[in-house]
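What follows is a single structure, written as structure tokens, with notes after it.
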Amino acid sequence: MKYNVRGMKIFVLEDYAQMSMKAARIVAAQVTIKPQSVLGLATGSTPLKMYEDLIHMYQQGIVDFSEIISFNLDEYYPIEKENEQSYAYYMKHHFFSKINITEGNYHIPEGLIVKSSGHDKALEQLCNNYDQAIIDAGGIDLQVLGIGNNGHIGFNEPDIRFESGTHKVLLDEETILANSRFFKSIDEVPKQAISMGVRNIMHSKKVLLLASGLGKSEILKAMIFGDITPQVPASILQLHNDVTLILDKAAATEILPFLTQYEIGLVR
Ligand code: GLP
């Protein structure tokens with residue numbers, strides 16, 4: 001089913017597999033109509049199958065990634081690229097090493113910098129460089145997003161300044177707890193991260209947000225139908241003019257009763 005709520009297109013798919021395929025097709029279409037697309041990419045468990053589907057499409061010759069440029073949303077801080085929990089490792093392992101993206105065309109915020117007396121300044125410079133690199137590439141054509149249980153996008157946690165660019169963030173206790181499932185123990189989860197800011201996300205020409213599972217249902221309701229507030233960072237997307245949400249039925253549980261009146265094609 002397809003809905004239009006406050007200008008946001010919402011697709012509700014049967015399950016995670018269908019949700020992932022729908023998202024993969026949208027990304028593939030973007031790359032096909034513009035081979036030099038600039039993609040904003042996300043990590044987390046949600047887009048994993050979308051990446052798998054895109055790899056299959058590449059293997060079947062349906063899509064060619066050789067000219068795309070990509071910018072990932074975020075990275076833990078500090079973390080080594082070789083650490084299996086780093087987003088650099090995730091992207092290499094789950095996507096980049098399996099497609100024909102050109103070396104040097106993908107960007108991930110730097111998770112580790114050499115400690116020096118000018119440490120904070122150097123970090124700020126890296127963040128500014130990341131923002132500038134996105135601008136130099138012509139801006140992001142399509143930004144893929146997941147959503148945290150607390151409404152974060154990238155690692156923009158509640159109370160975020162909407163005007164922020166790439167910056168260092170202190171992770172919420174809730175985020176550390178949610179992401180500890182990927183680490184041996186909660187103590188190993190980095191307490192900080194480098195994340196694109198809300199400003200970067202809002203500047204993307206198109207936004208594609210994926211959500212799966214009952215656990216995301218409450219926050220999606222707040223994001224879509226609630227107030228636009230820094231308490232729910234994803235709520236800012238109500239103001240973006242080209243947002244598509246791809247949800248599976250479980251993620252849509254809380255919003256489904258409210259969606260009927262927004263069905264696209266409904267004759268009133
Ligand atoms: C992580 C990432 C986000 C991601 C979110 C949800 O912390 N920084 O980019 O969207 O949390 O993750 P998941 O898809 O595993 O639920």
Side-chain angles (χ1 to χ4, degrees), residues 13 15-17 19-20 22-24 27 39-53 70-79 83-91 93-95 107-111 127 130 140 142-158 160 164 166-183 186 188-198 200-202 204 207-220 222-223 232-237 243-248 250-253:
L13 282 301
D15 54 21
Y16 178 64
M19 182 212 78
S20 304
K22 179 76 186 165
V27 174
L39 300 181
L41 298 177
T43 51
S45 53
T46 310
L48 277 173
K49 180 125 188 25
M50 177 195 78
Y51 289 130
E52 253 179 51
D53 291 343
S70 74
F71 289 90
N72 261 76
L73 276 168
D74 48 14
E75 177 59 285
Y76 288 113
Y77 183 84
I79 202 161
N83 185 321
E84 293 187 14
Q85 300 311 330
S86 75
Y87 288 162
Y89 184 93
Y90 171 115
M91 290 308 297
H93 186 70
H94 293 296
F95 197 40
H107 307 80
I108 298 175
E110 181 59 54
C127 292
Y130 204 70
I140 292 171
L142 178 66
Q143 175 66 59
V144 178
L145 293 177
I147 183 169
N149 297 330
N150 60 1
H152 74 217
I153 42 178
F155 267 133
N156 292 286
E157 301 281 31
I160 185 68
S164 58
T166 304
H167 62 300
K168 184 170 80 172
V169 293
L170 215 54
L171 298 180
D172 257 22
E173 285 302 322
E174 198 180 337
T175 301
I176 292 173
L177 186 65
N179 289 4
S180 64
R181 68 190 195 277
F182 301 113
F183 291 80
I186 193 162
E188 283 185 20
V189 187
K191 308 286 178 286
Q192 301 176 86
I194 309 292
S195 180
M196 264 190 213
V198 170
N200 305 100
I201 294 169
M202 288 299 281
S204 309
V207 173
L208 185 63
L209 185 144
L210 280 58
S212 167
L214 191 57
K216 298 288 167 70
S217 175
E218 277 289 343
I219 197 66
L220 283 169
M223 177 215 150
V232 181
S235 65
I236 189 72
L237 296 174
V243 176
T244 303
L245 310 187
I246 316 275
L247 317 178
D248 63 14
T253 307

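In listed order, ligands and their atoms are each counted from 1.
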Y51 and Y90 aromatic ring geometry - parallel, tilted or perpendicular at 30°/60° bounds: perpendicular
Y89 and H93 aromatic ring geometry - parallel, tilted or perpendicular at 30°/60° bounds: parallel
Exercise: do T175 and E157 side chains pair donor with acceptor under 3.5 Å: yes
Pair N179-Y76, side-chain donor/acceptor within less than 3.5 Å: yes
Residues M223, I153; criterion side-chain contact (heavy atoms from CB on, under 4.5 Å); working and verdict: CA-CA 11 Å; M223 177 215 150; I153 42 178; over 6 Å; no
Side-chain heavy atoms of R181 within contact of S45, under 4.5 Å: yes
Residues in the immediate environment of ligand 1 (any heavy atom closer than 4.0 angstrom): G44, S45, T46, D74, Y87, G146, I147, H152, G154, F155, N179, R181, K216
